[in-house]
Amino acid sequence: MAAQRDDEAGWSAEAARRVWGGAVPLQVHLHDADVTTLPPPPPFLTLGPRIGYLPLLVPIIKAHFSSTLPPGIDTVWFEYKGLPLKWYIPIGVLYDLLCADPERPWNLTVHFRGYPSEILTPCDGEDSVKWSYMNSLKEAAFIITGNSKNVMNMSQADQGALWQSVMKGNLDRYMNISTRLKLGPFEEDCLVRTSSVEGQQGSDEPESPGSGKPCRVPVRLYVRSVQEDLYDLEDALPVGDWESISYINRPFEVRREEGRSYITLEHALKTLLPEFFSSKASRIPDDSETAPQAPDSAPNDDSDVTPRSCEKLESSASSSPQEANVANKGKIVKLVRVQGIEVDMDIPFLWVANNLKNPECYLHICVYVGTRKREPKDGR
């Protein structure tokens, strides 16, 4: 058993190194409106860390294009095939979600003017990204432990060091600080560890996943609709707007079931997205059902209050009208991607959660769902 645990620890360490070392090759083009010299500058080639964020690449990209930029205040943003990219979504997730057929290098366009504030929330560079990251970490802590005090009580020095480790991709430094937060690893046997619970009641100390409470895993799902009759994903139509993407926070609560040796990724997804796996998913919505605008805001709460995405942890299978509207058009799951991997649905879910999560402790899952076109009621 000891040898097996050592092997598992070694595999987990290797998985973490691969996740942190993962990168997307980028070819960044300057938008024509920002070009002030002839000939136009060549595109800029770089590697975008999968766990990183596009605004953190701006200093090196701006340096490359500086000689041709017009004077004025920069409002930097990126687009892909006409779609402005949300800056608070990790680069790897954006790539997995928007490139049905992996594009290498990934061709992006950078703008230094004309920020689309009606589509994207404001971004003031690194400070905004750091703030968004820390808020996501607080949300994850709340899901896992029931409060976010472990993150709120971090010293400024530790917060700064943690963020620098993420920015620079320093896994060893990150692990040295993050382990103090007691946010992992997720373990199925935490469900039977109850002897220490009473002694912890009334304590402000955060509980680890193995403290006897049911294990909850922070999950962010990105559900993209593609044509139901699509034979090859490389023929999928580009995403035209963010309304065609469902952005869903649904914590997954691990509940041991009799006769089940472990929880598979497929079982977890059926629980997290029942509308795509149940018979009800095939129902066509009527005219009274409308789809509200997809949310376009990064986490925006610095206080230690219940994050909006965590308010209904006990009913993780529930869905909003927007989610149901997207789901009710069809139910064929065509592809599931995590960290660029088309994951086997039989893989243990907790292995995925422990080894393929992002530094803010969320597991990001991209799901491609085939939807059929809605037919008029009168048959016309």
Side-chain angles (χ1 to χ4, degrees), residues 7-9 11-16 18-20 22 50-51 89-90 92-97 99-100 102 140 143-144 183-191 209 214-226 233 245-279 281 309 313 315-319 323 326-327 330-370:
D7 287 343
E8 291 175 353
W11 296 334
S12 294
E14 177 62 20
R18 289 180 179 269
V19 167
W20 277 65
R50 277 192 149 271
I51 63 170
I89 298 179
V93 178
L94 287 171
Y95 181 67
D96 293 345
L97 182 64
C99 291
I143 292 168
I144 297 168
L183 299 180
F186 304 111
E187 300 176 10
E188 281 187 296
D189 64 354
C190 71
L191 296 175
C215 182
R216 288 183 173 129
V217 180
V219 180
R220 280 186 176 155
L221 299 131
Y222 307 79
V223 183
R224 171 180 172 179
S225 298
V226 295
L233 280 176
I245 303 290
S246 283
Y247 177 93
I248 306 167
N249 280 341
R250 285 192 183 168
F252 179 73
E253 185 169 293
V254 178
R255 294 186 181 276
R256 180 171 295 166
E257 297 182 14
E258 186 176 353
R260 183 184 297 278
S261 59
Y262 62 83
I263 295 172
T264 65
L265 176 62
E266 181 178 23
H267 176 80
L269 286 176
K270 285 182 177 180
T271 304
L272 290 165
L273 296 172
E275 59 269 41
F276 293 104
F277 290 91
S278 67
S279 59
S309 64
L313 294 180
S315 56
S316 63
S318 64
S319 60
E323 295 159 11
V326 174
K331 61 172 183 177
I332 301 175
V333 174
K334 290 184 171 290
L335 177 69
V336 176
R337 278 186 185 148
V338 182
Q339 295 292 357
I341 304 168
E342 296 182 17
V343 190
D344 188 323
M345 297 291 276
D346 290 330
I347 194 171
F349 172 74
L350 288 183
W351 188 95
V352 176
N354 281 320
N355 296 289
L356 300 183
K357 64 185 176 183
N358 273 53
E360 80 287 2
C361 294
Y362 267 94
L363 177 64
H364 298 260
I365 304 177
C366 297
V367 182
Y368 284 62
V369 177

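All residue numbers refer to positions in the sequence shown, counting from 1.
Donor-acceptor pairing under 3.5 Å is recorded for the side chains of N358 and Q339.
Contact check for N355 versus V19: no side-chain heavy atoms found under the 4.5 Å cut-off. At least one side-chain heavy atom of L269 sits under 4.5 Å from a side-chain heavy atom of L221. Counting only heavy atoms from C-beta outward, the side chains of Y222 and D96 never approach each other to under 4.5 Å. A heavy-atom distance below 4.5 Å is found between the side chains of R220 and N249.
Here the closest heavy-atom approach between residue L350 and residue F186 is recorded as CD2-CB, 3.9 Å. Annotation for C361 and P218: closest pair O-CG, 3.6 Å, computed over non-hydrogen atoms. Taking all atoms of both residues into account, the shortest heavy-atom contact from V343 to V352 is CG1-CG2, 4.4 Å. Contact detail for L363 and A353: the closest heavy-atom pair is CD2-CA, 4.0 Å. Contact between T264 and D346 at its shortest, heavy atoms only, is CG2-O, 3.7 Å.
Residues that satisfy the side-chain hydrogen bond (donor to acceptor under 3.5 Å, both in side chains) test with N354, not counting sequence neighbours, are absent from this structure. For E14, the side-chain hydrogen bond (donor to acceptor under 3.5 Å, both in side chains) partners are R17, R18, not counting sequence neighbours.
Atom-to-atom distance recorded for I263:CD1 and E253:CD is 10.0 Å, nearest 0.5 angstrom. Rounding to the nearest 0.5 angstrom, the gap separating the SG atom in C366 from the CG atom in L94 is 8.5 Å. Once rounded to the nearest 0.5 Å, the distance linking CD1 of I51 with CD of E360 reads 9.5 Å. Atom CD1 of I365 sits about 8.0 Å away from atom CG of L273, to the nearest 0.5 Å.
The aromatic rings of F252 and H267 stand perpendicular to each other, their planes meeting at an angle above 60°, with 30° marking the opposite boundary.
R250 contributes a side-chain N or O that, together with a main-chain N or O of L272, makes up a donor-acceptor pair within less than 3.5 Å. Panel note: side chain R224, backbone L97; a donor-acceptor pair is recorded below 3.5 Å.
Residue pairs meeting the salt bridge (Lys or Arg N to Asp or Glu O under 4.0 Å) criterion with at least one member in residues 264-274, sequence neighbours excluded, are E266-K270.
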**Request:** Could you please spell out the steps behind the side-chain contact (heavy atoms from CB on, under 4.5 Å) verdict for V219 and F349?
**Result:** CA-CA 11 Å; V219 180; F349 172 74; 4.2 Å; yes
**Message:** Between F276 and V223, does the side-chain contact (heavy atoms from CB on, under 4.5 Å) criterion hold? Intermediate values first, please.
**Reply:** CA-CA 10 Å; F276 293 104; V223 183; 3.5 Å; yes
